[in-house]
**Q** 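Please see the structure below; I have some questions.
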Number of protein chains: 4
Amino acid sequence: MEYNAKQLQIIQVAERLFAGKGFSGTSIRDIAHEADINVSMISYYFGSKEKLIEALFEVRFVESAERMENIVSNEDLSPLQKIYILIDGVIDRLLGNQCFHNIMLREQLSGEERTQVISDLIYQLKLKNWEGINSILREGQIKGHFREGIDVSLLSATLYGTVNHVLTTQSFYRKINNLESLGQEEFDKTLKKQLSKHLKSIFKATVAYETIE
Amino acid sequence: MEYNAKQLQIIQVAERLFAGKGFSGTSIRDIAHEADINVSMISYYFGSKEKLIEALFEVRFVESAERMENIVSNEDLSPLQKIYILIDGVIDRLLGNQCFHNIMLREQLSGEERTQVISDLIYQLKLKNWEGINSILREGQIKGHFREGIDVSLLSATLYGTVNHVLTTQSFYRKINNLESLGQEEFDKTLKKQLSKHLKSIFKATVAYETIE
Amino acid sequence: MEYNAKQLQIIQVAERLFAGKGFSGTSIRDIAHEADINVSMISYYFGSKEKLIEALFEVRFVESAERMENIVSNEDLSPLQKIYILIDGVIDRLLGNQCFHNIMLREQLSGEERTQVISDLIYQLKLKNWEGINSILREGQIKGHFREGIDVSLLSATLYGTVNHVLTTQSFYRKINNLESLGQEEFDKTLKKQLSKHLKSIFKATVAYETIE
Amino acid sequence: MEYNAKQLQIIQVAERLFAGKGFSGTSIRDIAHEADINVSMISYYFGSKEKLIEALFEVRFVESAERMENIVSNEDLSPLQKIYILIDGVIDRLLGNQCFHNIMLREQLSGEERTQVISDLIYQLKLKNWEGINSILREGQIKGHFREGIDVSLLSATLYGTVNHVLTTQSFYRKINNLESLGQEEFDKTLKKQLSKHLKSIFKATVAYETIE
DNA sequence: CATGAATGAGGGTTCATTCAT
DNA sequence: CATGAATGAACCCTCATTCAT
């Protein structure tokens with residue numbers, strides 16, 4: 001599915017508003033007003049409000065579909081290096097697309113199953129992510145670098161859950177760590193660095209034998 | 001603030017529906033229908049839909065306000081034992097009140113700051129939780145059991161984030177781990193056990209010196 | 001119909017609120033709140049909101065029913081003196097019960113004919129007033145003091161209309177005449193004096209032969 | 001502000017209903033039903049019920065803004081002739097737009113100050129009317145036709161108050177003067193004639209020296 | 001191909017009144 | 001005799017969508 005410039009602009013505005021106020025809490029009038037278009041354009045271009053959020057998911061998924069693949073298939077890296085790159089990749093992706101991941105979190109919290117399309121896309125992404133981590137861990141186990149008996153699901157949960165939680169509670173994090181004076185960009189940089197170190201440390205301790213460096 | 005039986009019933013229904021469809025996505029007619037009351041009762045009992053969700057937060061917060069206190073102040077436990085009890089407490093609390101924590105996650109994702117009341121309550125709860133973990137860690141450091149330089153915020157994020165993420169992606173977790181045949185109760189039990197083991201392992205590796213058992 | 005102290009208190013509050021916001025614009029909750037009673041008391045004491053305004057009219061009418069009679073039947077006064085006393089009486093009555101006359105004006109403007117009871121009371125009052133003026137004028141004509149061919153209805157309209165209009169546009173009157181610094185009481189006194197002089201002058205010029213003093 | 005045909009139709013219906021039942025007493029459903037439109041059209045066209053009445057005031061004010069000007073600035077007329085034309089103009093205007101003036105009277109009786117817009121418009125109209133009368137009277141005084149020491153406010157009150165009062169109590173007027181058999185049009189004609197004569201007589205006696213014809 | 005006028009359904013809230021106590 | 005809990009109707013307004021142009 002290809003979208004023209006106007007459609008992409010609408011999607012972008014919708015993404016910001018859905019992130020801030022939720023799907024139900026955002027009216028097409030809000031979107032139309034912010035995007036400076038007529039309200040009927042949303043139905044015209046996308047068919048309905050629901051189709052709009054589907055389009056949003058499609059666009060963002062296509063963008064991020066290729067990343068995991070590149071990491072796993074790179075043969076020059078050790079399993080632990082791959083894990084490290086994976087962690088940084090997740091951090092970058094989630095913090096770099098905060099609006100979209102906010103929406104995705106909301107959708108996962110929703111029992112409404114807005115549409116099968118979105119559910120399927122989220123499922124596919126999760127599966128791909130899980131398989132990526134899994135294949136790296138298996139490779140590490142085969143190479144004798146990693147322990148046996150690692151719970152991939154829970155380790156994934158720790159990776160994504162920690163980043164999401166920090167993303168969600170940014171303002172609290174700033175307050176508690178006296179980082180309120182920092183600009184958004186600088187704060188993001190600091191956050192990424194600390195998150196990266198923290199998660200790498202957890203992963204290493206969890207998967208790698210002590211002797212591995 | 002005290003609520004009578006009918007009010008508590010409404011709150012309970014609202015909690016379930018807000019968790020499933022979000023605040024904006026749930027109409028007071030939905031709530032009234034499910035609770036088998038007249039639509040005007042919500043305004044009558046709570047003043048407005050917004051006041052209803054505030055009441056919900058107040059009730060749930062009062063319930064869970066005392067838990068952390070009991071753990072921290074118990075003098076018979078070692079710091080690591082306290083951490084372990086804390087972890088199990090968090091798991092129990094979040095998985096035992098899935099609807100409410102779903103709503104709380106939604107509210108944290110929301111940029112709307114529905115009301116100052118809710119924001120304040122969430123902030124207070126987070127602060128209390130943070131202080132609880134912090135004081136246990138400090139105690140462990142003073143006693144020489146725990147490492148220095150622990151990032152309390154990120155460790156909290158890992159604890160809450162991991163549990164929340166699992167809570168949010170339960171169905172995926174079941175599917176990927178072939179646990180779809182289990183009943184909800186049995187699954188919850190399994191999940192709690194595995195989460196507990198996983199998080200305790202992470203915390204131990206992160207905070208404790210290797211020699212500590 | 002007799003009303004107890006509580007009922008009279010309710011009537012008094014209702015009068016003030018009806019005057020300020022109109023009958024439809026005033027809710028029984030407003031009244032109950034201001035009168036510091038339960039909402040159900042209005043239905044309980046009066047039967048309904050409509051019956052309440054009827055009661056208000058009854059009470060105020062009984063109060064003012066006797067005045068005109070006294071003026072007309074006083075044999076010691078000349079017709080013109082009677083007219084003068086009548087004018088001052090109308091001014092005093094309308095300005096002394098501004099709330100009630102506000103409500104009465106509203107009811108007369110209304111095409112709803114809220115109830116036959118109110119319509120009848122207003123009709124009776126108007127008729128009594130008209131007859132009072134008429135009989136004084138007739139007396140003056142018989143005595144040769146007053147001209148023939150006086151339009152009693154229009155003269156009444158000028159009397160009541162002028163006072164009502166001033167009553168209605170008090171704030172404009174204050175502004176245009178630079179009386180904004182005066183207290184309400186002092187302003188009322190000034191207003192009454194000027195209205196009295198103005199209307200007496202009009203009446204004299206309209207009804208009396210020039211030579212009459 | 002320009003209004004299209006449909007908006008003007010809605011305004012016209014609203015005017016009639018507001019006059020009959022008051023603003024609070026008229027629901028947008030009433031208006032929609034009478035105007036044969038969907039209820040949502042009122043919000044759609046005017047924004048809200050309050051904005052609708054504002055629009056009504058704007059339209060009617062624009063219509064009557066020019067009249068006074070024409071009278072005052074006409075140099076071929078004597079001051080007394082101008083007064084006479086003014087009186088007939090007021091009578092025509094008030095009796096010709098009974099619905100609107102009913103609403104305006106209601107608004108002036110209201111302590112709610114529905115919106116600043118309406119209050120301002122009414123104030124401007126009153127001021128313009130006052131200034132018109134004032135300038136004619138001053139002209140008459142300068143030319144030596146009129147007395148000194150005329151209270152413009154009270155004279156205005158008598159003019160507008162008398163006409164309004166007759167307008168308000170038409171049915172009583174008919175009854176008392178045995179004019180119940182007349183059709184509305186014929187009655188209006190009779191009323192205008194009598195009102196005109198009555199008010200001109202009052203004004204002449206009040207402002208002009210006896211010798212002036 | 002794009003628009004904005006128009007719609008019916010449903011949103012949250014307030015209403016006057018009733019009824020069991 | 002007096003109360004407050006509870007009700008269903010109606011309130012104004014916003015919603016996503018449609019349709020003629």
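Quick note: numbers below take in every heavy atom, side chains included, and nothing from hydrogens, waters or symmetry partners. Lettering follows sequence order; numbering is per chain, from 1.
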**Q** Heavy-atom distance under 4.5 Å between the side chains of A/Asn4 and A/Tyr45, does that happen here?
**A**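 The answer is yes; the side chains approach within 4.5 Å.
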**Q** Name the nucleic acid region contacted by A/Phe46, choosing base, sugar-phosphate or nothing; use a 4.0 angstrom heavy-atom cut-off, strictly under.
**A**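 Nothing, no heavy atom under 4.0 Å.
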**Q** Does the distance from a Lys or Arg side-chain N to an Asp or Glu carboxylate O, for B/Arg16 and B/Glu34, drop under 4.0 Å?
**A** yes
**Q** Would you mind reading off the distance between C/Ile53 atom CD1 and E/dA16 atom P, rounded to a whole angstrom?
**A**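 Nearest whole value for this atom pair: 13 Å.
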**Q** Let me know the distance between CD1 of C/Ile31 and C1' of E/dT14, rounded to the nearest Å.
**A**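 Roughly 15 Å, once rounded to whole Å.
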**Q** Please report the distance, rounded to the nearest Å, between CE in B/Met41 and C1' in E/dT14.
**A**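 My rounded result for the distance is 14 Å.
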**Q** Counting heavy atoms not belonging to B/Gln12, are there more than 12 under 6.0 Å from its CD?
**A**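 No, the 6.0 Å shell around CD holds no more than 12 heavy atoms from other groups.
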**Q** For the pair made of CG in A/Asp30 and P in F/dT14, what is the distance, rounded to whole Å?
**A** 12 Å
**Q** Measure from NZ on B/Lys51 to C1' on E/dG12 and round the result to the nearest Å.
**A**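 Interatomic distance, NZ of B/Lys51 to C1' of E/dG12: 13 Å.
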**Q** Could you check whether A/Phe57 and A/Phe100 have their ring centres less than 6.0 Å apart?
**A** yes
**Q** Separation of A/Ile28 atom CD1 from E/dT7 atom P, in whole Å?
**A** 17 Å
**Q** Relative to the 5' end of DNA chain F, which residue comes earlier, A/Thr26 or B/Arg29, by the nucleotide with the nearest heavy atom?
**A** B/Arg29
**Q** With nearest nucleotides of DNA chain E determined for C/Ser27 and D/Asn38 from heavy-atom distances, which residue corresponds to the more 5′ nucleotide?
**A** D/Asn38
**Q** Rounded to whole angstroms, how far apart are NZ on C/Lys49 and P on E/dT17?
**A**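 My rounded result for the distance is 8 Å.
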**Q** May I ask you to say whether A/Arg60 pairs ionically with A/Glu15, meaning some side-chain N is under 4.0 Å from a carboxylate O?
**A** yes
**Q** Closer to the 5' end of DNA chain F via nearest nucleotide, is it A/Gly47 or C/Val39?
**A** C/Val39
**Q** Counting Watson-Crick and G-U wobble pairs only, both distances under 3.5 Å, name the nucleotide matched with E/dA20, or none.
**A** F/dT3
**Q** Would you tell me if any nitrogen or oxygen in the side chain of A/Tyr44 comes within less than 4.0 Å of OP1 or OP2 on E/dT3?
**A**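 No, no such contact exists.
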**Q** What is the distance, rounded to the nearest whole Å, between atom NZ of B/Lys21 and atom C1' of E/dG10?
**A**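 These atoms are roughly 13 Å apart.
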**Q** If you take atom types as modelled and just measure distance, does the side chain of B/Ser40 reach the base of F/dG8 with a donor-acceptor pair under 3.5 Å?
**A**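 By the distance-only test, yes, there is a pair.
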